[in-house]
Amino acid sequence: MSLPKQLREESDFEQLPDNVPVSATIADIEEKRGFIVYYSFVIEVKTKGGSKYLIYRRYRQFFSLHQSLEQKFSPETQPGPYACILPTLPGKVFMGNKQEIAETRIPELNTYMKKLLCLPTWVLLDDLIRMFFYQTESDSQQVPKALRRLRPPTRRVKTEKPKTDLLSSPRAEAVFDFSGSGKLELSLKAGDVIFLLRRVNADWLEGTVKDRIGIFPESFVKIIKPLPESDSDEEGRGSKSKEGAQSSYSCLHCYLLEPSGVDTRDVCVEEDLSIQPSYSDLLARMRDVFQVEDIALNYRDNEGDLVRILDDEDVALMVREGKSGSTVKRPVNQFPWELHVTYSSDLSVYNTEY
């Protein structure tokens with residue numbers, strides 16, 4: 001394996017462990033439908049020992065890594081023998097098409113990672129670098145849809161799609177109209193025939209209608225032919241979808257407190273239960289779910305009082321309390337914390353029960 005020039009010239013490089021990353025290249029981008037729609041970079045990492053693996057990272061993870069490295073190694077913040085000049089990370093972009101922004105960032109991020117992995121060996125051994133390029137369990141379980149930048153161009157071969165026996169396929173008929181919230185949910189019209197792919201949880205199914213794939217509540221349809229028993233198991237949420245890639249849906253229980261009553265929703269997202277979403281992502285998703293702009297996010301503390309969420313630190317506190325303080329028995333794929341959405345100007349909801 002060819003190593004970066006600076007590393008080859010360092011006499012102590014051979015003393016480094018074999019699992020130290022020496023190169024990283026973005027192989028593709030993938031759309032993720034979490035609390036908001038975002039794009040993740042699929043990165044092939046090569047180690048000093050010759051192994052290769054894929055990791056999945058968002059731009060915000062690059063940004064967080066760079067901020068931490070600046071605090072630890074930048075000459076401006078930490079002058080001394082272990083200071084070094086860090087490569088330049090492409091800045092945040094606040095407006096524009098998310099896919100185009102992600103595609104544009106690929107060469108810049110590749111350059112950033114190349115320069116990062118050419119830093120002195122004592123930087124490479126730092127936990128910040130090691131953990132960023134480490135393949136987590138979540139990384140290893142994901143199946144990439146494509147790796148465009150790692151595959152040589154090939155001739156396109158025409159193939160015929162096998163004919164599907166529609167009468168033997170698991171399917172359902174929509175009894176009511178259902179307006180899906182966001183790209184993840186499948187909008188239905190009464191009378192639509194939905195071909196079932198799998199069960200998400202006790203209340204939601206995944207299916208396809210008119211070349212669209214998404215999830216929808218079972219209560220809106222009439223089952224004509226049920227899914228096989230193995231696909232109907234509530235705990236089988238990691239089964240393969242129609243496209244062959246693994247999907248993992250998690251469900252968030254949330255409420256909108258209105259003067260007329262409480263509007264309760266179950267929001268399904270492609271995120272692991274261990275995720276800690278950002279405040280801005282949660283706010284954007286709740287605005288989309290309830291179609292209300294002037295809202296505030298809250299959670300209930302262990303005493304039953306509403307606590308308003310104002311930033312990412314409040315979200316972290318909500319997640320911690322949800323994991324440690326909840327005694328409620330929940331479905332296996334439901335988040336242990338819940339969101340209580342109120343109108344921003346309505347302060348009467350605090351220190352009250354409903």
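Everything numeric here is computed off the predicted structure, so don't read it as measured data.
One hydrophobic cluster, built from ILVMFWY side chains closer than 4.5 Å, cannot hold both Phe41 and Tyr134; they sit in different ones. Placement of Val20 and Ile55 within a single hydrophobic cluster is found when ILVMFWY residues are connected by side-chain heavy-atom separations under 4.5 Å, directly or transitively. When the side chains of ILVMFWY residues are joined at heavy-atom separations under 4.5 Å, either directly or via intervening members, Val93 and Tyr112 end up in two distinct hydrophobic clusters. The hydrophobic clustering, which links ILVMFWY residues whose side-chain heavy atoms are closer than 4.5 Å, places Ile26 and Ile101 apart. Leu310 and Val307 fall into different hydrophobic clusters, where Ile, Leu, Val, Met, Phe, Trp and Tyr are joined by side-chain heavy atoms under 4.5 Å apart, directly or via other members.
A donor and an acceptor atom, one from each side chain of Asn333 and Ser250, are nowhere located under 3.5 Å apart. Residues Gln67 and Gln71 bring no donor and acceptor atom of their side chains to less than 3.5 Å of each other. When only modelled atom types and interatomic distance are considered, Ser138 and Thr136 share no side-chain donor-acceptor pair under 3.5 Å. Residues Tyr255 and Glu338 have side chains that bring a donor and an acceptor to within less than 3.5 angstrom of each other.
Between Leu273 and Lys323 there is no side-chain heavy-atom pair separated by less than 4.5 Å. Within the 4.5 Å cutoff, side-chain heavy atoms of Leu282 are placed close to those of Val315. Side-chain contact check for Val341 versus Asp263: every heavy-atom pair is 4.5 Å or farther apart. Within the 4.5 Å cutoff, side-chain heavy atoms of Leu339 are placed close to those of Leu252. Put simply, the side chain of Tyr343 does not reach to within 4.5 Å of the side chain of Leu257, judged on heavy atoms. Residues Leu119 and Leu117 form no side-chain contact, since every pair of their non-hydrogen atoms from C-beta on lies 4.5 Å or further apart. Between Pro228 and Pro170, the closest side-chain pair of non-hydrogen atoms falls below 4.5 Å. Residues Val209 and Lys189 fail the side-chain proximity criterion, which asks for heavy atoms closer than 4.5 Å.
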Checklist entry - Going through the distances and angles, do Leu65 and Leu69 end up as a side-chain contact (heavy atoms from CB on, under 4.5 Å)? => result CA-CA 6 Å; Leu65 169 69; Leu69 289 174; 3.8 Å; yes
Next on the checklist: The test is side-chain contact (heavy atoms from CB on, under 4.5 Å); show your working for Ile29 and Gln99 and say whether it passes.
Outcome noted: CA-CA 8 Å; Ile29 60 169; Gln99 183 173 2; 4.1 Å; yes
Item to check | From CA spacing to verdict: salt bridge (Lys or Arg N to Asp or Glu O under 4.0 Å), Asp192, Lys210 | outcome: CA-CA 9 Å; Asp192 281 348; Lys210 298 175 183 176; 3.7 Å; yes
Checklist entry - Step by step, would you call Leu89 with Leu109 a side-chain contact (heavy atoms from CB on, under 4.5 Å)? => result CA-CA 7 Å; Leu89 180 72; Leu109 290 178; 3.8 Å; yes
Next on the checklist: Evaluate Cys251 against Val267 for side-chain contact (heavy atoms from CB on, under 4.5 Å), listing each step before the verdict.
Outcome noted: CA-CA 6 Å; Cys251 187; Val267 178; over 6 Å; no
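Minimum heavy-atom separation, Ser344 to Leu347: O-CD2, 4.3 Å. Here the closest heavy-atom approach between residue Leu188 and residue Ala174 is recorded as CB-CB, 4.1 Å. Considering all non-hydrogen atoms of both residues, Val289 and Arg265 come closest at O-NH1, 3.0 Å. The two atoms that bring Ala24 and Asn110 nearest to each other are O-OD1, 4.1 Å, heavy atoms only. Of all non-hydrogen atoms in Tyr350 and Leu306, the two that sit nearest each other are CD2-O, 3.5 Å. Scanning both residues, Glu108 and Pro90, for their nearest heavy atoms gives OE1-CB, 3.5 Å.
Aromatic ring centres of Phe35 and Phe335 lie closer together than 6.0 Å. Note: Phe178 and Phe216 fail the aromatic proximity criterion, with ring centroids not under 6.0 Å apart.
For Gln291, the CD atom sits in a packed shell: over 12 heavy atoms of surrounding residues, nucleotides or ligands are nearer than 6.0 Å.
At a threshold of 4.0 Å, the pair Arg33-Glu31 counts as salt-bridged, since one of the basic side-chain nitrogens sits closer than that to a carboxylate oxygen. Classification of Asp281 and Arg60 as a salt-bridged pair holds, one side-chain N sitting under 4.0 Å from a carboxylate O. Taking the charged nitrogens against the carboxylate oxygens, Arg57 and Asp139 do have a contact shorter than 4.0 Å, which makes a salt bridge. Using a 4.0 Å cut-off between charged side-chain N and carboxylate O, Arg300 and Asp305 make no salt bridge.
Using a 30° and 60° split on the angle between ring planes, Trp122 and Phe73 fall in the tilted class, from 30° to 60°.
Atom CG of Leu54 and atom CG of Asp28 lie 10.5 Å apart (nearest 0.5 Å). The CD atom of Glu44 sits 7.5 Å away from the OG atom of Ser23 when rounded to the nearest 0.5 Å. Note that NZ of Lys115 is 12.0 Å distant from CG of Leu86, once rounded to the nearest 0.5 Å. Between Leu205 atom CG and Leu197 atom CG the span is 10.0 Å, to the nearest 0.5 Å. Between the OG atom of Ser40 and the CD atom of Gln142 there is a distance of 6.5 Å, given to the nearest 0.5 Å. Atoms CD and CZ, on Glu293 and Arg287 in that order, are 5.0 Å from each other to the nearest 0.5 Å.
Judged by the 6.0 Å and 45° rule, Arg58 forms a cation-pi pair with Tyr38. Cation-pi contact between Arg105 and Tyr59: present, with separation from the ring centre below 6.0 Å and deviation from the ring axis of at most 45°. Seen from the ring of Tyr39, Lys32 does not count as a face-on cation partner, given the 6.0 Å and 45° thresholds.
Checking side-chain atoms of Thr104 against main-chain N and O of Glu100 turns up a donor-acceptor pair under 3.5 Å.
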